[in-house]
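Have a look at the structure below, then the notes.
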Amino acid sequence: MSAFTRRSFIGKNAVAIGSFAALQKIAAADRSGSDPGPANTVLDGQNPDSIWPPGTDSKSLVQNFKYPFSFANKRTYEGGWSREVTVRELPVSKTLAGVNMRLTAGGVRELHWHTAGEWAIMLYGTARITAIDADGKSFVADVKKNDLWFFPSGIPHSIQGLNPDGCEFMLVFDDGEFSESETVLLSDAMAHLPPEVLAKNFAVGQEAFKNVPREELFIFQTDVPGGLEADQKAAAGVRGKSPKNFAFRTMEMPPTRRTKGGEVRVVDSSNFKVSTTAMAMVTVHPGGLRELHWHPNADEWQYFISGKGRMTAVATGNKARTMDFQEGDVGYVQKSLLHYIENTGDTDLVFLEMFKADRFQDFSFSEWLAHTPPELVMAHLHTDKATLDAVPREATVVMPV
Ligand code: MN
Ligand code: MN
């Protein structure tokens, strides 16, 4: 039995392999294709390419490049929760870290700042975000599903869930070592300053701050804020609003490219000026393929929003590994490694490609082969001219075209 048929047989019958008849059938074909010891059949069923790797995967090991948010440590509060996947959970993810957060209606991620740049996408519901720019001018906006925001390093900000059911979002920080639990919080900072200093600094009596919380709030429940315009006006004061837009409305732009196989929206500093983190939001229809490509300028951090897919990363030195992904998983591809993402489910596969880079850049494998002298390519691949002529001339992004 070939590696491929063996894989499909076991992948589709993960629960049935325990049966004697099935075992006999595999053993007759290839005794190595059995796994008689203990197994977590549910997890195995979600990871068919790890359980029985395609024959093209290498025997030499490739560092793990998947971590499900399901495994992440969740910090729960009245007002919401937070969990993160950083270099501690996924050691290969050195350049970017992800924090997934839920806020109830009225729930606040308290006023804070940090050294990493914060890129975010709304996954559910609505929220109000606040910040001030480097000139001290205020920014207050409401965001909904698929809207983005970006707060550069050191810009103080907050997030609050709105009616009817708050929000959930994904934060992506441009530092794999980042932790949401190590930020400068308003409550924490105030609790660690002598009362007489606070009184002098704010020109009020010491009594004024006697009720400041003694511990950080991080996430807390309060009332849902009033109208946006009133908040904007109150925050702006006589100085006026910031001319900078820290938010971006992803769905108000047309797809950057659309094919029969799917579509992609690229948002980077060319259209979202304040952002130094680049994003491609990719949709791959059932049977489609995010084409073979690589990124010359940055590692890729992935978040799978919906559907199922698999990815092979081809590393240097005859190494390759294929892993399976689904809703809620984080994936990672190191800079310049060749990869594809195939929709292996029967619904749309939607995922984010994130880069610590001003601009999105990728090289298409097809485009490269199509723009190299054909005789040279044929001499490498032992293929014919008709095959090369069929290769797409330009980047397709998602196949089929
Ligand atoms: Mn933040
Ligand atoms: Mn990619």
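Residue numbers run from 1 in the order of the sequence given.
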Open item on the list: Filter on salt bridge (Lys or Arg N to Asp or Glu O under 4.0 Å), then keep only pairs touching residues 272-300, sequence neighbours left out; what's left?
Closed with: Arg290-Glu353, Arg290-Asp362

Open item on the list: Counting neighbours of CG on Asp384 that are heavy atoms of other residues, nucleotides or ligands and sit closer than 6.0 Å, is the number greater than 12?
Closed with: yes

Open item on the list: Contact between Met279 and Thr250 at the side-chain level, heavy atoms closer than 4.5 Å - yes or no?
Closed with: yes

Open item on the list: Using only atom types and a distance under 3.5 Å, with no angle test, would you say the side chain of Ser34 pairs donor to acceptor with the backbone of Pro36?
Closed with: no

- [ ] Report yes if some heavy atom in the side chain of Met311 is under 4.5 Å from a heavy atom in the side chain of Asp324; otherwise report no.
- [x] no

- [ ] For Ser82 and Tyr77, test the side chains for any donor-to-acceptor distance below 3.5 angstrom and give the result as yes or no.
- [x] no

Task: Sidechain N-carboxylate O distance under 4.0 Å for Arg102, Asp165 - done: yes

- [ ] May I ask you to check whether Ser269 and Ser275 show a side-chain donor-acceptor distance below 3.5 Å?
- [x] no

- [ ] Scan residues 171-195 for pairs that pass salt bridge (Lys or Arg N to Asp or Glu O under 4.0 Å), counting only residues two or more places apart or in two chains.
- [x] Arg109-Glu180

TODO: Would you list the pairs meeting salt bridge (Lys or Arg N to Asp or Glu O under 4.0 Å) in which at least one residue belongs to residues 340-349, sequence neighbours left out?
DONE: Arg310-Glu342

TODO: Could you check Lys308 against Phe325 for side chain to side chain contact (heavy atoms under 4.5 Å, CB included), going step by step and ending with a plain yes or no?
DONE: CA-CA 6 Å; Lys308 285 180 180 169; Phe325 296 87; over 6 Å; no

Open item on the list: More than 12 heavy atoms of other residues, nucleotides or ligands under 6.0 Å from CG of Asp389: yes or no?
Closed with: yes

Task: Parallel, tilted or perpendicular: ring planes of Phe139 versus Phe151, cut at 30 and 60 degrees - done: perpendicular

Task: Distance, nearest 0.5 Å, that separates CE of Met251 from CE of Met281 - done: 4.0 Å

- [ ] Look up atom CD1 in Ile51 and atom CG in Asn40, then write down how far apart they are to the nearest 0.5 Å.
- [x] 9.0 Å

May I have the list of side-chain donor-acceptor pairs in residues 211-227 shorter than 3.5 Å, sequence neighbours left out?
{"unit_1": "Gln221", "atom_1": "OE1", "unit_2": "Thr104", "atom_2": "OG1", "d": "2.5"}
{"unit_1": "Gln221", "atom_1": "NE2", "unit_2": "Ala105", "atom_2": "O", "d": "2.9"}

Task: Arg239 atom CZ, over 12 foreign heavy atoms within 6.0 Å - done: no

Task: Ile341 and Phe351: CA distance, side-chain angles, deciding distance, side chain to side chain contact (heavy atoms under 4.5 Å, CB included) verdict - done: CA-CA 10 Å; Ile341 295 151; Phe351 65 95; 3.5 Å; yes

Open item on the list: Would you call the rings of Tyr303 and Phe69 parallel, tilted or perpendicular, taking 30° and 60° as the class edges?
Closed with: perpendicular

TODO: Show your working on side chain to side chain contact (heavy atoms under 4.5 Å, CB included) between His293 and Leu338 and close with a plain yes or no.
DONE: CA-CA 6 Å; His293 67 282; Leu338 180 66; 5.8 Å; no

Open item on the list: For Phe209 together with Phe202, are the ring centres under 6.0 Å from each other?
Closed with: yes

- [ ] Assess whether side chain to side chain contact (heavy atoms under 4.5 Å, CB included) is satisfied between Leu111 and Thr130, documenting all intermediate values.
- [x] CA-CA 9 Å; Leu111 286 156; Thr130 78; 4.0 Å; yes

TODO: Name all pairs fulfilling the ring-ring contact (aromatic ring centres under 6.0 Å, His included) condition that reach into residues 82-113, sequence neighbours left out, sorted by first residue then second.
DONE: His112-His114, His112-His157

Open item on the list: Any heavy-atom pair between the side chains of Pro152 and Thr276 that's under 4.5 Å?
Closed with: no

Open item on the list: To the closest 0.5 Å, what do you measure between CG (Asp268) and CZ (Phe360)?
Closed with: 8.5 Å

Open item on the list: Quick check against the 3.5 Å criterion: does Thr372 have a side-chain atom that pairs as donor or acceptor with the backbone of Trp368?
Closed with: yes

Task: Test of ring centre spacing under 6.0 Å for Phe169 and Trp149 - done: yes

Task: Asn100 versus Lys74, side-chain donor and acceptor atoms under 3.5 Å - done: no

Task: pair Leu198-Gln206: side-chain heavy atoms closer than 4.5 Å - done: no

Task: Between Phe150 and Trp119, ring centroids under 6.0 Å - done: no

Task: Selection residues 138-147 - residue pairs positive for side chain to side chain donor-acceptor pair (under 3.5 Å), sequence neighbours left out - done: Arg128-Asp142, Lys144-Asp147, Asp147-Arg249

Open item on the list: With a 4.5 Å cut-off on side-chain heavy atoms, are Ser179 and Glu84 touching?
Closed with: yes

Open item on the list: Before you tell me yes or no, could you show the steps for His295 and Phe363 under ring pair (Phe, Tyr, Trp, His ring centres under 6.0 Å), namely the whole-Å CA-CA distance, both residues' side-chain angles and the distance that decides it to 0.1 Å?
Closed with: CA-CA 6 Å; His295 307 276; Phe363 272 103; 9.7 Å; no

Task: Other residues, nucleotides, ligands: >12 heavy atoms within 6.0 Å of Lys233 NZ - done: no

Open item on the list: Quick check against the 3.5 Å criterion: does Asn271 have a side-chain atom that pairs as donor or acceptor with the backbone of Val266?
Closed with: yes

- [ ] Verify the distance criterion only: is there a donor paired with an acceptor across the side chains of Asp44 and Thr41 at less than 3.5 Å?
- [x] no

